[in-house]
> 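Before anything else, here's the structure in question.
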Amino acid sequence: MSNFFVSPFLFWAGLIAIASPIIIHLLNKRRFKRVDWAAMDFLLQADKINKRRVKLEDLILLLMRCLIMGLIGLLLARPFFSFDSSGGLFKSTRHERVIILDDSLSMNAQMAGTTPMVEAGKTITNWMTTLASNNATDSLTLLLTSRPDRALYRDEPLTEDTVNQVLEDLKGLKVSDVPNQLVKTLEEVEEMFDPASGGSSVNRIVYVVSDFRQRDWAPEAQKEVMDVMRRIAENAASCYLVDAGSNAGDGGDNVVIESISPRDKALITGVPSEFEVTVRNLGSAAATDLKVRLAAGDGLPLERVIDRIAPGDTGAAAFTYTFARPENLDDLQPVRLQADIVPDDGDNLKDDNQRFFPARVTSGLKVLIIDGDPSSTYGEGASFFLQKALSPRGRAISGLELTVADDSELTNLTLSDYQVIYLVNVYRVDDAAREALEQWTEDGGGLVIALGDQIDEESYNDSLYRDGEGLLPIQLGGIAGDEEAETWALVDPQITAHPILRLFDGDASPLLEGVKVFQWWSCSIPQAAVDSGKVSSLAILTNEQKTPLLVEQAFGEGRVMTITTALDLDWNNWPTEAASYLIMLQEMTRYMAPKRTGEGVVPVGAPLTHDLELTEFRPDGQVITPSESSLPVRALPKTAGEQSTTWQVRFDDTGHRGFYQIELTPTDGGEVNKVLFAANVDTSEGDLARADRNELKSTFEGARVQLVAYSASLMEMGATKSRSEYWRWVLYALLAFLCLELLYGYWLGARR
């Protein structure tokens, strides 16, 4: 009965009241006493003639009075008609209002003193208040595009008892840092119509409340969104696209910080580190005199000004920062870098005016030198000259930490501790060491193979070259050159723009002219490897055969550099040319090192992962979130059933921008190890250009999808569309029957 009456119990009371005229009629009949006398015979004979007419007149009067009592009960019960959204009358199926609310970052863009998110909140609040006040049987399902798999409300009845809690929750609803997942949210709604889950028995009306930016709603770029919307419209009673950003214009002014990019391979204490903060102008007018601020930890921020950025272009602010070197290197801590645009007046979206970067500072690049021909005499041997070049004496810190070992120790070392490995004149590499080196290089390590007179040609070709599939990019053909050192070849750079050789271009080219190479390994490079770009010859010798001197090869995520001459004084005079020798090896080492300065930067919503060795750290740890709260975390095997001691910590709850820090305790109870991460918002949310309304309308032409501007009255109409009360008509009918009963009763009384 609640599908037809606001107060069903009053309707039942009216039905019961119908009995009152009947009872009164019966009681009135008992008020007369029958007395027989002679003259009545004539009257009874006349009464028989009119008896049928009188009974009919009394019955009509009784029915009128019963109907009046029923109308009074009906009036008090406030009856209504039920409509579906397509106009069907007396539709008994209930309505579920499904709202998809876009809570992405762009919904916080300023427009005429408000934001699309504020307007959307007002719309939904007014709408649900209307539904509750009408005492409709509708229910609410509310999904946010930032978390489509967790509905804020699912099929919640909108009664006066529940709507207050819903409205209270909506007051605290804010935009999310998590990127928009519109397609996934629409697919969640589409699953509601699946007959297998009983979805076809509910009359659903779908509302998508968004600011309709091109990023999410451009028909040509977002075909998947359009397709899912059409499928939903086919099953829904009706589908509305409510434009909460209809007052926002075409975008407005907005600049975003796209990145904080270190130029170095590693951030080293005591060594100046260069950073570049990139800013993009997503507005329609040029941005001028942008002040960019970079702060490191609690230190004083640095400021730079970008003079002008044209619409759609980027500008960069360069910063140089030197991380303090602690007295005890074990006290090294990650540093939190934050870039901001200040002030941000005139920017329509301020949430993308900052960027976070986790500076994982180290004491230096870890370099391992494997010397295959160590010398006990001071000043001799390749490792001696390498150490002098990579870590020269003086006040300046090179930023390289060197470890020297001989080839017999190679299999006992933990290669993952190093970023660059030099194999210097190593006689041969056994299978175990080769496999370890291959895996390490594939994972991103930088391997430098420097040849010499101790090399086993056959072993290198079979084990390291392996028909072009191994670590060695060249096939060795024997030692060539002048053993007496009376003739020599010079160095001829081939790719002067390469990071290793660019410092020897132009005015600095004479630095290599004094290098004389007396002996070298003749070799060949497969043409197929050169054509594919896998192998390249950076420099050659000026001998008749044009023998490659520096050969680079990509290997997995890492790279291999081969030097076909020695790094000591046996085959050349290069170490005596201190400037070129030092510069070349310093640049080579930094180039070969994997770039790890970007580690720890993730988009908001992406999981944090960190590998740990169970032999070094306990599996239980904690994560410090941007709100400074502490959450427990535990490492698990990377693969179920895996017996490896390398486990992985995974943390998924990264729904807010800022810094996250995983803290792990060593097994020996030492100082807590801190691993810093930074979660940043998706900068594409800063593109405030709006989708073309006419294009959207033409895309959904023929489908039951209506694109409407924000309007509270529209939403109220949608709320009352399923019910129309008709108590006024009942009142008019009651008054009419009261008058009719009065006149009819007066007429009967006058006749009789």
> With heavy-atom distances below 4.5 Å as the criterion, would you say the side chains of L402 and L386 are in contact?
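The answer is no, as the side chains (C-beta and beyond) never meet within the 4.5 Å cut-off.
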
> Is there a side-chain contact (heavy atoms from CB on, under 4.5 Å) between R336 and F356? Walk through the geometry before answering.
CA-CA 7 Å; R336 304 183 178 201; F356 305 96; over 6 Å; no

> Evaluate the criterion side-chain contact (heavy atoms from CB on, under 4.5 Å) for residue pair L612 and Q648; output intermediate values, then yes/no.
CA-CA 6 Å; L612 63 79; Q648 187 179 78; over 6 Å; no

> Could you tell me whether a side-chain N or O of K291 sits under 3.5 Å from a main-chain N or O of D340, the two making a donor and an acceptor?
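Side chain of K291 to backbone of D340, a donor-acceptor pair under 3.5 Å: no, none is there.
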
> Looking at the rings of H610 and F651, which for Trp means the six-membered one, are their centres under 6.0 Å apart?
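No, the ring centres sit 6.0 Å or more apart.
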
> With sequence neighbours excluded, tell me which residues meet side-chain contact (heavy atoms from CB on, under 4.5 Å) with Q454.
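side-chain contact (heavy atoms from CB on, under 4.5 Å) check on Q454 returns D373, N425.
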
> Closer than 4.0 angstrom, basic N to acidic O: yes or no for D289 and R308?
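Looking at R308 together with D289, the answer is no, because their closest N to O distance does not fall below 4.0 Å.
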
> Report the residues that fulfil side-chain contact (heavy atoms from CB on, under 4.5 Å) with Q475, sequence neighbours left out, ordered by chain and then residue number.
N461, Y465, S524

> Determine which pairs satisfy side-chain hydrogen bond (donor to acceptor under 3.5 Å, both in side chains) with at least one residue from residues 413-424, sequence neighbours left out, and list them in order.
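Pairs touching residues 413-424 that pass the test: Y422-T589.
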
> Under a 3.5 Å distance rule, please check whether D668 uses its side chain to pair with a backbone N or O of G670 as donor and acceptor.
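Side chain of D668 to backbone of G670, a donor-acceptor pair under 3.5 Å: yes, one is there.
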
> Please check this pair: side chain of Q553 against backbone of L471, looking for a donor-acceptor N/O pair closer than 3.5 Å.
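Answer holds: yes.
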
> Any chance you could lay out the side chain to side chain donor-acceptor pair (under 3.5 Å) test for T645 and E613, step after step, and finish with the verdict?
CA-CA 6 Å; T645 60; E613 284 291 334; 3.0 Å; yes

> More than 12 heavy atoms of other residues, nucleotides or ligands under 6.0 Å from CD of E663: is that the case?
yes

> Compare every heavy atom of A606 with every heavy atom of T654, then report the nearest pair and how far apart it is.
OG1-O, 2.7 Å

> Give the minimum heavy-atom separation between P607 and R650, together with the two atoms involved.
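Result for this residue pair: CG-NH2, 3.5 Å.
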
> Flag yes if more than 12 heavy atoms outside Q527 fall under 6.0 Å of its CD atom; otherwise flag no.
yes

> When rounded to the nearest 0.5 angstrom, what distance separates CG in L512 from CG in L490?
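If we round to the nearest 0.5 Å, L512:CG and L490:CG are 10.0 Å apart.
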
> Quick one: does any side-chain atom of D407 pair with a main-chain N or O of I370 as donor and acceptor, under 3.5 Å?
no

> Out of curiosity, E274 CD to T322 OG1, how far, rounded to the nearest 0.5 Å?
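Those atoms lie 10.0 Å apart.
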
> Would you compute the distance between atom CG of L365 and atom CE of M592 and round it to the nearest 0.5 angstrom?
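So the gap between those two atoms works out to 12.5 Å.
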
> Regarding R293 and the six-membered ring of F319, is the cationic atom NZ or CZ under 6.0 Å from the ring centre and inside 45° of its axis?
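Here R293 fails the 6.0 Å and 45° test against F319.
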
> Over all heavy atoms of both residues, which pair between A287 and N281 is shortest? Give the atoms and the distance, please.
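Heavy-atom minimum between the residues: N-ND2, 3.4 Å.
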
> Ignoring hydrogens and angles, tell me if any N or O in the side chain of N673 forms a donor-acceptor pair with the backbone of L664 under 3.5 Å.
no

> Hey, does E457 have a side-chain heavy atom less than 4.5 Å from the side chain of W521?
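When only atoms from C-beta onward are counted, E457 and W521 do touch, with a gap below 4.5 Å.
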
> Closest approach of I306 and V292, non-hydrogen atoms and distance?
CD1-CG2, 3.9 Å

> What verdict does the side-chain contact (heavy atoms from CB on, under 4.5 Å) test give for F323 and I268, after you've listed the backbone C-alpha separation in whole Å, the side-chain angles of each residue and the deciding distance to 0.1 Å?
CA-CA 7 Å; F323 296 97; I268 302 169; over 6 Å; no

> Nearest 0.5 Å, please: how far is CZ in R428 from CG in D431?
10.5 Å

> Does T646 offer a backbone N or O that forms a donor-acceptor pair with the side chain of S644 under 3.5 Å?
yes

> Would you say the side-chain atoms of S537 and Q494 include a donor-acceptor pair closer than 3.5 Å?
no

> For the CZ atom of F357 and the CZ atom of R355, what is their distance to the nearest 0.5 Å?
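That separation rounds to 11.0 Å.
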
> Distance only, no hydrogens: is a donor on one side chain within 3.5 Å (strictly under) of an acceptor on the other, for E401 and S363?
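Their side chains do contain a donor-acceptor pair, which is all the 3.5 Å distance test asks for.
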
> What I'd like to find out is whether the side chain of F275 reaches to under 4.5 Å of the side chain of S261, using heavy atoms alone.
no

> Got I525 and P548 here, is their nearest side-chain heavy-atom distance under 4.5 Å?
yes

> Under a 4.5 Å cut-off applied to non-hydrogen side-chain atoms, are R596 and T362 in contact?
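When only atoms from C-beta onward are counted, T362 and R596 do not touch, as no gap falls below 4.5 Å.
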
> Show the nearest heavy-atom pair for residues T320 and P272, with the distance to one decimal.
CG2-CB, 3.9 Å

> One thing to verify: whether D505 and R502 come together as a salt bridge, which I'm taking to mean a side-chain N less than 4.0 angstrom from a carboxylate O.
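Salt bridge: no.
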
> Hey, are the side chains of W574 and D568 touching, using non-hydrogen atoms and a 4.5 Å cut-off?
no

> Looking at Y660 and A679, what are the two nearest heavy atoms and their distance?
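In terms of heavy atoms, the two residues are closest at CE1-CB, 3.7 Å.
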
> Between the main-chain N or O of V672 and the side-chain N or O of K674, is there a donor-acceptor pair closer than 3.5 Å?
no

> Determine, stepwise, if the pair D492 / K546 fulfils salt bridge (charged side-chain N to carboxylate O under 4.0 Å, His left out).
CA-CA 9 Å; D492 183 10; K546 304 299 181 183; 5.5 Å; no

> Hey, is the main chain of G478 close enough, under 3.5 Å, to the side chain of S522 for a donor-acceptor pair?
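Indeed, once roles are kept as given, a pair shorter than 3.5 Å links the two residues.
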
> Run the side-chain contact (heavy atoms from CB on, under 4.5 Å) check on Y591 and R559 step by step: do they pass?
CA-CA 10 Å; Y591 171 74; R559 54 172 61 94; 3.5 Å; yes

> In sequence, state the C-alpha distance, the side-chain angles, and the governing distance for T565 and Q519, and then conclude on side chain to side chain donor-acceptor pair (under 3.5 Å).
CA-CA 7 Å; T565 189; Q519 286 185 282; over 6 Å; no

> Under the 3.5 angstrom rule, does the side chain of D482 hit a backbone N or O of T487 as a donor-acceptor pair?
yes

> Does V560 reach the side chain of T441, with side-chain heavy atoms less than 4.5 Å apart?
yes

> Are a donor atom and an acceptor atom from the side chains of Q586 and Y581 found within less than 3.5 Å of each other?
no

> Is the closest side-chain heavy-atom distance between M561 and L538 below 4.5 Å?
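The answer is yes, as the side chains (C-beta and beyond) meet within the 4.5 Å cut-off.
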
> Is there a donor-acceptor pair closer than 3.5 Å between any side-chain N or O of R280 and the backbone N or O of G312?
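Present.
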
> Rounded to the nearest 0.5 Å, how far does OG of S459 lie from CG of D430?
9.0 Å

> Honestly, is R466 close enough over Y460, meaning NZ or CZ under 6.0 Å from the six-membered ring centre and within 45° of the axis?
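Relative to the ring axis of Y460, which defines the angle, R466 lies outside at least one limit.
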
